[in-house]
Amino acid sequence: MVDLSIDLGFLKLKNPVITASGTFGYGREFIPFLNLEELGAITIKGLYYNPRKGNPPPRISETPCGMLNSIGLQGIGVKRFSEEILPQLRNLKVPIIVNVCGEDDEEYVKVVNFLSSKKGISCFELNISCPNVKKNGKCPALSPEWTYNIVKSVKQNTHIPIITKLSPNVTDIVEIALSAQEAGTDGISLINTILGMAVDIETRKPRLANIFGGLSGPAIKPVALRMVYQVVKAVKIPVIGVGGIYTGEDALEFLIVGAKAIQVGTANLVDPCACSRIIKEIRDYCLKKRITKLENIIGSLVIE
Ligand SMILES: Cc1cc2nc3c(=O)[nH]c(=O)nc-3n(C[C@H](O)[C@H](O)[C@H](O)COP(=O)(O)O)c2cc1C
């Protein structure tokens, strides 16, 4: 027997495999493919207070080893989520993490205020990579002060634990992580997508209507792993690794550098059973290596 359970302090998981926001819908879309209750946790698609249409198409473009997306955080808003989706999800024996978005600083607080009184949410994940309408489309994740202010005000408005999700599109990821920690976040997840673009040489047009999009998938794994390693060394709170995880081996790399759990994103779009397979591959590795408790592997990186 292998014990795959992970204790994040503010949340206990039966295994470290969590779905990444925006790649697993609202959870129920995946019921035909896997048993949702076998997952460590489910992260819901980013929610603004009101419903949003997102960006105009085309908003997906495949790249070698990954994809670019400019979905623009399409979503159903907090009211429909709490009336139509949450009642179904709360009966499942799996923690639900709600990814929180905001067009301005006040909206993050508004979303969290609205949802904090609803039953069935284990944790909020703050998506601080949302373009801010009052600040020329810049996002809070790019500034340590701005990150601090958002985390602090959200933390003051909810009793539910919060994870702050960092953007890789910065020069010094550690200073942003330290700001989030200082403001009181319970955990950190990283990375969100890397800003990129692609051009169709026949039409000479950008492949995305939005011109820029976020790169995800296996291509970004080395960047994500490096940033997770740097952040783990700097902070005292649990870190969740995200970026290019397709296999159990990928997930184990993140755990070995010190992530307490991982999120699977783009892999769900290629293989809807990916999370289930990754859990099995982690278990098989432990059995082969005679590891009885997965937590013992966390942060076991050997540097000579
Ligand atoms: C289609 C798509 C939609 C996404 N939507 C969100 C979102 O709503 N909120 C968020 O924080 N991240 C979102 N992300 C980012 C992912 O959660 C994840 O951080 C990123 O894709 C890197 O992981 P991956 O390489 O495993 O996909 C989205 C990614 C993709 C591909």
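Whatever order the structure lists them in is the order used to number ligands and atoms, beginning at 1.
Contacts of Ile220 with ligand 1, taken as heavy-atom pairs under 4.0 Å, involve the side chain alone. Only the backbone of Ile191 comes within 4.0 Å of ligand 1, judged by heavy-atom distances. Residue-level proximity to ligand 1 for Gln263 is absent, since no heavy atom of it falls below 4.0 angstrom.
At the top of the distance list for atom 21 (O) of ligand 1, counting protein heavy atoms only, stands Ser216 CB, 3.3 Å. In terms of protein heavy-atom proximity, atom 12 (N) of ligand 1 is closest to Lys165 NZ, 3.0 Å. The nearest protein atom to atom 15 (C) of ligand 1, hydrogens excluded, is given as Asn192 OD1, 3.4 Å; this is a heavy-atom distance.
Two residues are said to be in side-chain contact when any heavy atoms from C-beta on lie closer than 4.5 Å; Ile44 and Ile121 fail this criterion. The side-chain heavy atoms of Ser21 and Asn127, taken from C-beta on, include no pair separated by under 4.5 Å. Taking 4.5 Å as the limit, every side-chain heavy atom of Asn149 sits out of range of all side-chain heavy atoms of Lys152.
Taking distance alone, with nitrogen or oxygen atoms compared against 3.5 Å, Asn69 stays at or beyond that limit from ligand 1. Looking at Gly265 next to ligand 1, an N or O pair under 3.5 Å apart turns up. Some N or O of Asn127 is nearer than 3.5 Å to an N or O of ligand 1, by distance alone. Looking at ligand 1, you won't find any N or O of Val264 less than 3.5 Å from one of its N or O atoms. Looking at ligand 1, you'll find an N or O of Gly244 within less than 3.5 Å of one of its N or O atoms. Residue Glu125 has no N or O atom closer than 3.5 Å to an N or O atom of ligand 1. Looking at ligand 1, you'll find an N or O of Gly46 within less than 3.5 Å of one of its N or O atoms.
Each of the following atoms of ligand 1 lies closer than 4.0 Å to a heavy atom of Thr193: 20 (C), 21 (O). Residue-ligand proximity, Val242 to ligand 1, at heavy-atom distances under 4.0 Å covers atoms 18 (C), 19 (O), 23 (O). When each atom of ligand 1 is checked for a heavy atom of Ala20 under 4.0 Å away, the hits are 17 (O).
When all heavy atoms are compared, the tightest approach of Leu190 to Val239 is CD2-CG1, 3.6 Å.
For the residues Ser189, Gly22, Ser21, the heavy atom positioned nearest atom 14 (N) of ligand 1 is part of Ser21. The heavy atom nearest to atom 11 (O) of ligand 1, considering only Val223, Asn99, Ile128, Thr23, is found in Asn99.
A salt bridge (charged side-chain N to carboxylate O under 4.0 Å, His left out) with Asp3 holds for exactly one of Lys14, Arg283, Lys293; it is Lys293.
Using a 4.0 Å cut-off between charged side-chain N and carboxylate O, Lys45 and Glu29 make no salt bridge. Classification of Lys155 and Asp186 as a salt-bridged pair holds, one side-chain N sitting under 4.0 Å from a carboxylate O.
In this structure a side-chain-to-backbone donor-acceptor pair under 3.5 Å is present from Glu295 to Asp7.
Summarising the local packing, CD of Glu62 is surrounded by 12 or fewer heavy atoms from other residues, nucleotides or ligands at distances under 6.0 Å. Counting non-hydrogen atoms of neighbouring residues, nucleotides and ligands closer than 6.0 angstrom, the CD atom of Glu249 reaches no more than 12 such neighbours.
Cation-pi geometry between Lys118 and Phe114 is met: under 6.0 angstrom from the ring centre, within 45 degrees of the axis. A cation-pi arrangement is present between Lys135 and Trp146, with the terminal nitrogen or guanidinium carbon under 6.0 Å from the aromatic centre and inside a 45° cone about the axis.
Residue Ala267 places no heavy atom under 4.0 Å from ligand 1.
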